[in-house]
Number of protein chains: 2
Amino acid sequence: MNEIADKIALNYCSLNKLTISNWETKSKIIEYKKGEQLAKEGQRRHKLFFLIKGSVKAYYINNDKKIIDYFAFENDFITSSSSYLTNEPSLHFIQTMEDCLILETEKNTVELLCEKHHDFEHLLRVFLSKVIIQYRHRVVSHQFKTVKQRYESLVKQYPKIELTAPLGDIASFLGIAQETLSRIRASNK
Amino acid sequence: MNEIADKIALNYCSLNKLTISNWETKSKIIEYKKGEQLAKEGQRRHKLFFLIKGSVKAYYINNDKKIIDYFAFENDFITSSSSYLTNEPSLHFIQTMEDCLILETEKNTVELLCEKHHDFEHLLRVFLSKVIIQYRHRVVSHQFKTVKQRYESLVKQYPKIELTAPLGDIASFLGIAQETLSRIRASNK
DNA sequence: GATAAATTTTGATCTATATCAAATTATTTA
DNA sequence: TAAATAATTTGATATAGATCAAAATTTATC
């Protein structure tokens, strides 16, 4: 799969041929239909997913309410987030929003690959750096931006989101009531 | 020097002797007095700091207002955050809150060490993982916790903070008005 | 130790967004 | 295509926390 190597090189950093082939041998490439679940709350076996194609959402349940934690699109890595790092049972459900093609690697395989291949460890570091930048952006915009600005910046970043995710999910991701988002949309016409 | 190796091993992961000695040769250990600045807005030469002793705050200016972005204590790494990763000029001032002993490494040295020593790259990955967990916690508590709960959880995590940081700084870090924090304290008596 | 400066507290008012409830509109299903 | 279900919009009301202003307290300076 030269395709994956290229995507990784373009969006993260380049890997040695050996690393790539080793990674792929120890992973699975799976096709999912829209609406299928990649991961469920409570799972102890964490995976690292690489989205070759399609888009997904990750959510958890808080007080019986579904809370969208993040969206991910083509060329993004995704995991069960926090719990992947802390090794606790996953809090998240991860569900496709479209038909997807996904490369899946078990967490312990990831760790082995990191130990064995310095460049793979580097890839992970680059990936984590990107996650931090995103989180930071979220913290800052929560603090200084109005709900409307945050919505607009989300749509600007992921124009596709309005087509793939229902209004309630977008509101939940932004941490606002869906009625509020609906009013924002109305005011934008 | 062995002291640092131990602190790193205890809080992050253990490093080879060679890596440690290489790291230290290429870094500086500096004593700062309370109130001194480690880094200034606009700097293009980023550094990675390791807090051997003491505590610091990082802030930036937004609309003429000082916004505390994070606090760091003994055994924490700190950088000019976002801009360290994106390579943009720093947005932050980093200032000591007490007398400090700090290990400073230039960013390009860090990158060289990462290339040369696989275990150093691993250390950085572990550090970044911790940053992500913290950011995530901030995003989630912003979404679901009252201001009072967030304040209490901060104090619980860093009991020292009430002694080292003024009320206005703590409020700013929590993203609330200082009057609000003052009222919370009053209600807690 | 008196004066000035900085920090914290208290009070009054305002506002963005939440919440609750109901009405529309869009999407599935049979 | 009608009926059922789900998603979105609209309206009315409530509230946490912001903002503005001033008083009180603490800390620094001469």
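Keep in mind that this is a model prediction, so the values were computed, not measured. Chain letters run A, B, ... following the sequence lines, proteins first and then strands; every chain starts at 1.
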Between [options], which nucleotide has the shortest distance from any of its atoms to the side chain of [X]?
X: Ala177(B); options: dA7(D), dA18(D), dT8(C); answer: dA18(D)
X: Val147(B); options: dG17(D), dT19(D), dT8(C); answer: dG17(D)
X: Thr146(A); options: dT17(C), dG11(C), dT9(D); answer: dT17(C)
X: Glu179(A); options: dA18(C), dT8(C), dA21(C); answer: dA21(C)
X: Arg183(A); options: dA12(C), dA7(D), dG11(D); answer: dG11(D)

Check: Side-chain donor or acceptor of Arg185(B) under 3.5 Å from a matching atom on the base of dT10(C)?
Finding: no
Cation over ring face, Lys130(B) and Tyr12(B), 6.0 Å, 45°
yes
- Is the Lys NZ or Arg CZ of Lys107(A) less than 6.0 Å from the centre of Tyr84(A)'s six-membered ring, within 45° of the axis? yes
For [X] and [N], what is the distance between atoms [atom1] and [atom2] respectively, to the nearest whole Å?
X: Tyr151(A); N: dT17(C); atom1: OH; atom2: P; answer: 15 Å
X: Gln178(B); N: dT26(D); atom1: CD; atom2: C1'; answer: 14 Å
X: Lys34(B); N: dT27(D); atom1: NZ; atom2: P; answer: 11 Å
X: Leu181(A); N: dA18(C); atom1: CG; atom2: P; answer: 10 Å
X: Phe144(B); N: dA18(C); atom1: CZ; atom2: P; answer: 12 Å
X: Asp169(A); N: dT8(D); atom1: CG; atom2: P; answer: 9 Å
X: Ile184(A); N: dT17(C); atom1: CD1; atom2: C1'; answer: 9 Å
X: Lys65(A); N: dA18(C); atom1: NZ; atom2: P; answer: 9 Å

> Is the phosphate of dT17(C), meaning OP1 or OP2, less than 4.0 Å from a side-chain N or O of Thr180(A)?
Replying inline: no
Side chain to side chain contact (heavy atoms under 4.5 Å, CB included) with Lys148(B): of Thr180(B), Ile176(B), Ile184(B), only one passes, and it is Ile184(B)
| task | Would you check if the distance from the ring center of Tyr158(B) to the ring center of Phe73(B) is below 6.0 Å? | result | yes
Discussion item. I want to know whether Tyr59(B) and Phe173(B) have ring centres closer than 6.0 Å.
Written reply: no
